[in-house]
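One structure below.
Source: prediction; values computed, not measured. Chain identifiers are assigned alphabetically (A, B, ...) following the order of the sequence lines, protein sequences preceding nucleic acid strands; residue numbering begins at 1 within each chain.
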Amino acid sequence: MIKKRIVEIIKEACDNCKEKGVFPYEINIDPIVEIPREGEFGDYSTNIAFLLAPKLRKNPQEIAKTVIQNMNYNDTCEKVEPAGKGFINFYVKDEIWKQTLMDIYESGIDGFLPDAGNGKKVLIEFVSANPTGPLHIGHGRGAAVGDVLANILKNTGYNVTKEYYINDAGKQIATLGASTYARWRELKGEDIEYPQHFYQGDYVKELAAELIEHNVPIPANQDEAIKFMAGYSGSKVMKGIQEDLEEFGVFFDNYYKESTLYENGIVDDTLELLRQRGFSYEKDDALWFKTSLFEKDEDRVLIKSDGEKTYFASDIAYHREKLERGFKLLVDLWGSDHHGYIPRLKASLEALAEQKDSLKVILIQFVTLLKDGKPFGMSTRAGQFTTLKEVLSEVGRDAARFFFLMRKSDAHLEFDLDLAKKTSNENPVFYVQYANARIQSIFRNAEEDGIDVDTLMAESRRQKAEGSINIDLLTSKDEIDLIKAIHHFYDVIEGCARNLEPHRLTFYLIDLVGKFHSYYNKTRVLKNEVNLTTARLLLLFMLQKVIKKGLDILGVSAPDKM
RNA sequence: GCGCCCGUAGCUCAGUUGGAUAGAGCGUUGGCCUCCGGAGCCAAAGGCCGUGCGUUCAAAUCGCACCGGGCGCACCA
């Protein structure tokens, strides 16, 4: 990593300044090195002079000059310049850039990616839709974001577990049972009123019809029948959800049932623990948690006056259980309408384990479907669904996943169905995939010229050892820029992981691929002088590795032909 | 009333830990293959970064107030 080398160079320079007595004392700040906006400010820049200025009581421009004078950068940079009001800009040697290309080849793309996680155990919980109806498009967005985030964390050295939490103990499942029972009686010819608060979707009728069709024996007692149907419908719906997720390319390591928390006494244990520590109290025949002790929020009910436990109670138990399973970082993806729930849950983790910061909640904003430029199918009328399944069959997995990741997750997303279906440059999915197909096409043509790209790579590796490296012939600005862009994959992935923001990868890929398309248009790869062709093929080889890896993390396919 | 998110080009949106002259796609206008895939490329036009005040060497980014949009504020799940 060149950036790390730059940080070292700066630190060394500061040490030199101290030794020579230029600085009165040891400088102990981590210099911030960033990639400047494209332009004349070099490959990297640091603001360290600004940070030192108040301490040394000197003008930042002067400090920048002093630091540079005491800097040994010749191994990495062709020049280092003071700029602006006190920036220090680093211009990395082209040879170094080219060298990193070979280094990435040596280490492989996986070895190249950062190891920020260091094996840390992460539990990422997402979707977690109640099994009372099919997944809708909002769940799809959560599924895409969660799955890709998991991929990113896995690729940066985290030990990741993906989990789906099933609320199977609450009232909703009971209502699903009652709904199915009511529909079942209707189908049996009874004239009954179907209550407003029951599930309105047609899938309930279908479930009831199935029961009749397959002659499933129904208990005669009404309560037992409802209970039976709750179990039946719940597992059927859950199965459907799993099938939809599978089609979407999302697989979970665990499905964790709320009911197991009760069966294993974890909820009662947790409540007892809170009571012992004095974080709960009784009022109006209910048991309350002292949220206000930890967060700017009101106290919340754990056990209602009728003796029933709230969802909050089991959620606390669930998250405590996550910590006890050894997870150090808990990532939850919730619909943004649940944002008000964050403080109380964090408060509970603080109360139980002083670990409120180990919980990171990512909010998923709403998705609006657009068709013919107009919002579509978002009726609030009960029972009207715009299901994930429908969207998938309309636009396919690749476009759906890619589109869900084109916005940061806490921003509204307009999902343009027409655009997602287009096979043109307007559709960014195809734009990215097309780049890969184009490179592959060049490789196919190369093969016709008797060049096998894989053997070529091995060859260039040997040449490197002999000191005559083909990549020396990559001299144009476009080529160096492409190499830099390839190298920045590292920073992008690191940023995605640090901020838990997978959308950055999507933007990076679009940008990277744009550089390639531009390069392709002005530069001929094949049928040049043989060493030049070789050098350019090598560049494309590494570029393709990054594109494929990026798409792989997004869970989007990278076809060789389109 | 209280809280959270959002406000950047005509539209949809990026903008790194606060950094230098604000970025892309679409749309508009005008160009580019005898040539590795035109599902592509190049160029132009387009901006009070919602408004005001503050913090800072430096603010689209942080703080406060206001305006506008969305969403929450149950002994619901």
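Looking at heavy-atom distances under 4.0 Å, A:Ala83 makes contact with a base. Nucleic acid contact for A:Lys561: base, since at least one base atom lies under 4.0 Å from a heavy atom of the residue. Residue contacts shown for A:His412 are limited to sugar-phosphate atoms, with no base heavy atom under 4.0 Å away. Residue A:Asn130 is in sugar-phosphate contact alone, with no base atom involved, counting any heavy-atom pair closer than 4.0 Å across all strands shown. Residue A:Ala446 is classed as having no contact, given no heavy-atom separation below 4.0 Å to the nucleic acid. Contact annotation for A:Asp284: base contact, defined as any heavy-atom pair under 4.0 Å involving a base atom.
For the contact set between residues 287-299 of chain A and RNA chain B, defined by any heavy atom under 4.0 Å, the members are A:Trp288. Taking a 4.0 Å limit (strictly below) on heavy-atom distances, residues 517-524 of chain A reaches RNA chain B at A:His517, A:Ser518, A:Tyr520, A:Asn521, A:Thr523, A:Arg524.
The A:Ser441 side chain lies nearest to B:C36 when the options are B:A39, B:G72, B:C36. Out of B:A14, B:C4, B:G37, the shortest distance to the side chain of A:Asn445 is found at B:G37. Distances were taken from every side-chain heavy atom of A:Lys3 (C-beta onward) to each of B:U17, B:A39, B:A14; the shortest belongs to B:U17. Of all nucleotides listed (B:G23, B:G72, B:G37), B:G23 comes nearest to the side chain of A:Arg37.
Taking the C1' atom of each, B:C62 and B:U17 are spaced 12 Å apart, rounded to whole Å. When the C1' atom is used for both B:U12 and B:G7, the distance is 14 Å, rounded to whole Å.
When the side-chain nitrogen and oxygen atoms of A:Arg438 are compared with OP1 and OP2 of B:G38, one or more of them lie within a distance under 4.0 Å.
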Check your understanding: Can you give the dot-bracket line for RNA chain B, using ( ) for pairs inside the strand, [ ] for pairs that cross earlier ones, | for pairs with another strand and . for unpaired bases, where Watson-Crick and G-U count if both distances are under 3.5 Å?
Key -> (((((((..((((.....[...)))).(((((.......))))).....(((((..]....))))))))))))....
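On a pure distance criterion of 3.5 Å, a polar donor-acceptor pair joins the side chain of A:Asn89 and the base of B:A20.
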